[in-house]
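All ligand and atom numbering here is 1-based and tracks the order in the structure.
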Amino acid sequence: MIRSVVRGTGAALPRRIMKNADFEGMVETSDEWIAQRTGIRQRHIAGDDETTASLGEAAARAALANAGLTPADIDLIVLATSTPNNTFPATAVEIQNRLGMHHGFAFDMQAVCSGFVYAVATADLYIRGGLAKRVLVIGSETFSRILDWSDRSTCVLFGDGAGAMILEAGEGAGAIADRGVLAASLRSDGIHKDKLFVDGGPSTTGTVGQLRMEGREVFKHAVGMITDVIEATFSQAGISADDLDWFVPHQANKRIIDASAKKLGIAEQKVVVTVDLHGNTSAASVPLALAVAVADGRIKKGDLVLLEAMGGGFTWGAVLVRW
Ligand code: ACO
């Protein structure tokens with residue numbers, strides 16, 4: 001059977017780093033409060049010349065270099081983002097053009113923080129359905145542009161950045177030992193749409209809007225939703241937490257990550273954590289964390305890796321990949 005095998009990963013971060021202490025003169029907060037409640041110590045913030053498209057392009061080029069490929073080898077780009085450069089055209093198409101790629105096709109996906117997990121599951125279906133052989137899957141965000149910088153309950157949580165992964169069609173035996181995407185489980189429920197949202201848009205206010213969140217409500221649902229979808233993925237693949245080599249969760253809050261890993265029985269040393277360095281970069285958080293763990297040699301060929309995310313909508317999902 002056809003499997004979607006990981007060929008390479010890459011990442012890109014804005015030049016400017018903003019530390020927790022940098023908020024102290026802007027809103028009533030402290031490094032201690034932010035670090036204790038979230039695990040975040042710093043985040044990158046895009047400059048005027050840095051956009052979702054430019055960061056996505058840089059992450060894509062890094063992933064291509066890591067895979068030893070060029071844009072000519074790619075036939076589909078799927079970009080997960082909630083902060084596109086423009087309402088349309090899709091920022092994926094802009095990245096396609098920046099890469100000098102004038103063949104194939106490209107589109108954006110919008111599932112907020114779950115965007116990258118949705119995009120990997122989608123790319124896998126395009127590959128297994130025979131519509132694409134090599135897919136560039138990107139998560140790129142500039143949440144700094146939709147934050148209310150006077151709201152301490154949200155502005156300290158998010159950061160900008162991009163991560164990318166190249167999936168390629170390969171042969172598998174249909175077994176758990178195969179390399180590639182092995183199982184996926186996606187969920188959404190719009191009953192929660194007002195708990196984490198942006199208060200503007202083309203069809204309502206005609207403006208971009210700003211992020212609003214009931215943090216406590218999100219927190220309350222996060223662990224249960226994350227563990228449900230992971231257990232569904234485990235049962236699809238016929239594995240348990242002990243079989244995992246690495247757990248790469250969405251990087252929103254260290255307390256959510258710890259509580260989810262504990263509930264699932266995933267050992268602490270198998271959890272990849274980058275929220276301290278990047279903050280919550282929404283759809284970019286999982287591929288940024290992946291790129292870090294690949295670059296430092298933790299994630300290796302043959303490892304069983306579980307990706308997970310949950311975000312606005314709510315949307316949530318998990319993907320199991322043999323590296
Ligand atoms: N600095 C200092 N005090 C603050 C800050 C801040 N930056 N933000 C809020 N507070 C205050 C609140 O006003 C409140 O004060 P009060 O008691 O006088 O009313 C107090 O701190 C406690 O607020 P809570 O909201 O109860 O704090 P909590 O421990 O829940 O932590 C947080 C807040 C970090 C937002 C947490 O709820 C959380 O992480 N929720 C999940 C949200 C999330 O991660 N969203 C990301 C997108 S969704 C996703 O990706 C999963």
Side-chain angles (χ1 to χ4, degrees), residues 18-43 80-83 110-118 139 141-144 146-161 163 186-190 192-199 210-230 247-261 263 271 273-276 278-289 307-318:
M18 191 171 176
K19 303 263 187 201
N20 289 349
D22 298 334
F23 285 93
E24 286 174 7
M26 294 169 51
V27 288
E28 213 183 312
T29 190
S30 64
D31 174 33
E32 195 194 359
W33 191 95
I34 301 169
Q36 270 184 7
R37 301 285 178 124
T38 70
I40 299 167
R41 299 205 166 269
Q42 63 172 49
R43 73 286 293 138
T81 190
S82 301
T83 46
Q110 218 275 49
V112 203
C113 300
S114 310
F116 187 77
V117 167
Y118 271 54
E141 302 277 18
T142 44
F143 261 51
S144 63
I146 55 163
L147 294 177
D148 176 351
W149 287 92
S150 66
D151 175 11
R152 68 176 182 175
S153 71
T154 54
C155 73
V156 302
L157 303 175
F158 296 89
D160 301 332
L186 303 180
R187 289 279 290 112
S188 69
D189 188 348
H192 303 290
K193 70 182 177 54
D194 296 329
K195 296 187 176 96
L196 174 52
F197 67 105
V198 170
D199 63 4
Q210 289 181 318
L211 184 146
R212 307 289 170 206
M213 178 172 73
E214 293 175 33
R216 228 171 296 188
E217 279 295 307
V218 176
F219 201 103
K220 208 171 79 188
H221 287 90
V223 177
M225 287 178 163
I226 289 165
T227 49
D228 271 359
V229 86
I230 289 174
F247 176 42
V248 186
H250 173 47
Q251 309 285 321
N253 184 312
K254 181 73 162 53
R255 289 189 293 152
I256 296 176
I257 294 173
D258 290 346
S260 310
K263 194 168 169 201
V271 185
V273 178
T274 52
V275 69
D276 52 331
H278 304 150
N280 182 350
T281 56
S282 192
S285 95
V286 169
L288 269 170
L307 317 181
E308 159 276 304
M310 182 253 180
F314 294 147
T315 57
W316 63 108

A.B. asks: Is there a donor-acceptor contact under 3.5 Å from the side chain of Arg41 to the main chain of Ala35?
C.D. replies: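 Pair absent, no side-chain N/O of Arg41 close to backbone of Ala35.
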A.B. asks: Closest non-hydrogen protein atom to atom 35 (C) of ligand 1, residue and atom name please, with distance?
C.D. replies: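 Answer, as residue, atom name and distance: Leu157 CD1, 4.0 Å.
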A.B. asks: Where is the tightest heavy-atom contact between Gln251 and Val275, given as atom of each residue plus distance?
C.D. replies: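 Here Gln251 and Val275 meet closest at OE1-N, 3.1 Å.
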A.B. asks: With heavy atoms under 4.0 Å as the rule, classify the contact between Leu196 and ligand 1 as side chain, backbone, both or neither.
C.D. replies: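 Leu196 to ligand 1: side-chain contact only, backbone stays beyond 4.0 Å.
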A.B. asks: Taking the side chain from Ser114 and the backbone from Thr315, do they hold a donor-acceptor pair closer than 3.5 Å?
C.D. replies: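 Yes; judged by distance alone, with no hydrogens or angles, the pair exists.
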A.B. asks: Counting N and O atoms only, with roles assigned by atom type, does the side chain of Asp160 sit under 3.5 Å from a partner on the main chain of Phe143, one being a donor and the other an acceptor?
C.D. replies: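 Confirmed, Asp160 side chain pairs with Phe143 backbone.
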A.B. asks: Any sub-3.5 Å donor-acceptor pair from Asp258's side-chain atoms to Arg255's backbone N or O?
C.D. replies: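 Side chain of Asp258 to backbone of Arg255: no pair is present.
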A.B. asks: Pull out every atom of ligand 1 sitting under 4.0 Å from any heavy atom of Val156, numbered as shown with elements.
C.D. replies: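 Listed by number with element, the hits are 7 (N).
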A.B. asks: Taking only Lys NZ, Arg NE, NH1 and NH2, and the carboxylate oxygens of Asp or Glu, determine whether Arg212 and Asp148 approach each other closer than 4.0 Å.
C.D. replies: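 Yes, Arg212 and Asp148 are salt-bridged.
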A.B. asks: Where is the nearest protein heavy atom to atom 39 (O) of ligand 1: which residue, which atom, and how far?
C.D. replies: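 It is Asn253 ND2, 2.5 Å.
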A.B. asks: Are Leu196 and Leu211 side-chain neighbours, meaning at least one heavy-atom pair lies under 4.5 Å?
C.D. replies: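 Heavy-atom side-chain distance check passes, below 4.5 Å.
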A.B. asks: Can you list the ligand 1 atoms lying under 4.0 Å from a non-hydrogen atom of Arg255?
C.D. replies: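 That gives atoms 28 (P), 29 (O), 31 (O) of ligand 1.
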A.B. asks: Work out which heavy atom in Ala252 is nearest to a heavy atom in Asn280; give both atom names and the distance.
C.D. replies: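 Heavy atoms only, the tightest pair is CB-ND2, 3.5 Å.
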A.B. asks: Strictly inside 4.0 angstrom of atom 50 (O) of ligand 1, do you find any protein heavy atom?
C.D. replies: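 Given the 4.0 Å limit, the answer for atom 50 (O) of ligand 1 is yes, a protein heavy atom qualifies.
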A.B. asks: Does some non-hydrogen atom of the protein lie less than 4.0 angstrom from atom 32 (C) of ligand 1?
C.D. replies: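 When distances to the protein are checked, atom 32 (C) of ligand 1 has no heavy atom within 4.0 Å.
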A.B. asks: Strictly less than 4.0 Å: does any protein heavy-atom distance to atom 4 (C) of ligand 1 fall in that range?
C.D. replies: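 So far as the 4.0 Å threshold goes, atom 4 (C) of ligand 1 is in reach of a protein heavy atom.
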A.B. asks: Below 3.5 Å, N or O to N or O, backbone or side chain included: is there any such pair between Met310 and ligand 1?
C.D. replies: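 Yes, at least one N or O pair falls under 3.5 Å.
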A.B. asks: Looking at atom 24 (P) of ligand 1, is any protein heavy atom nearer than 4.0 Å to it?
C.D. replies: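 Neighbour list for atom 24 (P) of ligand 1 includes protein heavy atoms (cut-off 4.0 Å).
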A.B. asks: With distance as the sole test, does Asn20 use its side chain to make a donor-acceptor pair with the main-chain N or O of Glu32 at under 3.5 Å?
C.D. replies: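 Not at all, since once roles are kept as given, no pair shorter than 3.5 Å links the two residues.
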A.B. asks: Look at atom 27 (O) of ligand 1 and say which protein heavy atom is nearest, naming residue and atom and giving the distance to 0.1 Å.
C.D. replies: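 Sorting protein heavy atoms by distance from atom 27 (O) of ligand 1 puts Arg37 NH1, 3.1 Å first.
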A.B. asks: Once you restrict to heavy atoms under 4.0 Å, what part of Val27 touches ligand 1? Side chain, backbone, both or neither.
C.D. replies: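 Contact part for Val27 vs ligand 1: neither.
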A.B. asks: For atom 20 (C) of ligand 1, is the nearest protein heavy atom under 4.0 Å away?
C.D. replies: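 Protein heavy atoms within 4.0 Å of atom 20 (C) of ligand 1 - there are none.
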A.B. asks: When you compare the side chains of Glu141 and Thr83, does any donor N or O come within less than 3.5 Å of an acceptor on the partner?
C.D. replies: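 Result is yes, a qualifying pair exists.
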A.B. asks: So, Arg43 side chain and Val156 main chain: donor-acceptor pair closer than 3.5 Å or not?
C.D. replies: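 Between the backbone of Val156 and the side chain of Arg43 there is a qualifying donor-acceptor contact (under 3.5 Å).
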A.B. asks: Would a 4.0 Å cut-off, counted as strictly less than, catch a protein heavy atom around atom 29 (O) of ligand 1?
C.D. replies: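 Protein heavy atom within 4.0 Å of atom 29 (O) of ligand 1: present.
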A.B. asks: Atom 45 (N) of ligand 1: which protein heavy atom is closest, and how many Å away?
C.D. replies: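 Going atom by atom, the protein heavy atom closest to atom 45 (N) of ligand 1 ends up being Met213 SD, 3.1 Å.
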A.B. asks: Backbone, side chain, both or neither: what part of Glu28 comes under 4.0 angstrom of ligand 1, heavy atoms only?
C.D. replies: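 It is the backbone that gets close, since no side chain atom is under 4.0 Å.
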A.B. asks: Measure the distance from atom 1 (N) of ligand 1 to every protein heavy atom, then report the residue, atom name and distance (to 0.1 Å) of the closest one.
C.D. replies: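 Heavy-atom neighbour on the protein nearest atom 1 (N) of ligand 1: Thr29 OG1, 2.6 Å.
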A.B. asks: Can you give me the closest heavy-atom contact between Thr38 and Ile34, atom names plus distance?
C.D. replies: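 For Thr38 and Ile34, the tightest heavy-atom pair comes out as OG1-O, 2.5 Å.
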A.B. asks: With atoms numbered from 1 as shown, which atoms in ligand 1 lie under 4.0 angstrom from a non-hydrogen atom of Asn280?
C.D. replies: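 Once the distances to Asn280 are compared, the set is 46 (C), 47 (C), 50 (O).
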A.B. asks: Tell me which protein heavy atom sits closest to atom 17 (O) of ligand 1, plus the residue, atom name and distance to 0.1 Å.
C.D. replies: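 For this ligand atom, the closest protein heavy atom is Arg216 NH2, 5.0 Å.
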A.B. asks: Have a look at Phe219, Phe23, Phe158 and point out the one with the heavy atom closest to atom 36 (C) of ligand 1.
C.D. replies: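 That would be Phe219.
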A.B. asks: Got an N/O contact under 3.5 Å between Thr38 and ligand 1?
C.D. replies: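 Looking only at distances, the answer is no, because the N/O contact criterion of under 3.5 Å is not met.
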A.B. asks: From the options Phe197, Phe314, Trp316, select the one residue that forms a ring-ring contact (aromatic ring centres under 6.0 Å, His included) with His192.
C.D. replies: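 Of all the options given, the one that passes is Phe314.
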A.B. asks: Which residue and non-hydrogen atom of the protein lie closest to atom 10 (N) of ligand 1, and at what distance in Å?
C.D. replies: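 Going atom by atom, the protein heavy atom closest to atom 10 (N) of ligand 1 ends up being Trp33 CZ2, 3.4 Å.
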A.B. asks: Taking only heavy atoms of Cys113 into account, list the atoms of ligand 1 that are under 4.0 Å away from them.
C.D. replies: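 Numbered from 1, ligand 1 contributes 50 (O).
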A.B. asks: Quick check: closest heavy atoms across Pro287 and Ala283, and the distance to 0.1 Å?
C.D. replies: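 Scanning both residues, the minimum pair turns out to be CD-O, 3.5 Å.
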A.B. asks: What's the shortest heavy-atom distance between Trp149 and Ser144, and which atoms?
C.D. replies: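 So the minimum-distance heavy-atom pair works out to NE1-O, 3.0 Å.
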A.B. asks: Using a 4.0 Å cutoff against the non-hydrogen atoms of Ala252, which atoms of ligand 1 qualify?
C.D. replies: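 Result: 44 (O), 49 (C), 50 (O), 51 (C).
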A.B. asks: I want to know if ligand 1 touches Gly215 in the polar sense, i.e. an N/O pair below 3.5 angstrom.
C.D. replies: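 Between Gly215 and ligand 1 (N or O atoms, distance only) the closest approach is under 3.5 Å.
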A.B. asks: Could you tell me which non-hydrogen atom of Val271 sits nearest to which non-hydrogen atom of Ala261, and how far apart they are?
C.D. replies: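 The pair with the smallest heavy-atom distance is CG2-CB, 4.0 Å.
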A.B. asks: Looking at atom 12 (C) of ligand 1, what's its closest protein heavy atom, distance included?
C.D. replies: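 Looking only at protein heavy atoms, the one closest to atom 12 (C) of ligand 1 is Arg152 NH2, 3.8 Å.
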A.B. asks: Under 4.0 Å from a heavy atom of Ser153: give me the atoms of ligand 1 that qualify, with their elements.
C.D. replies: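 Every atom of ligand 1 under 4.0 Å from some heavy atom of Ser153: 8 (N).
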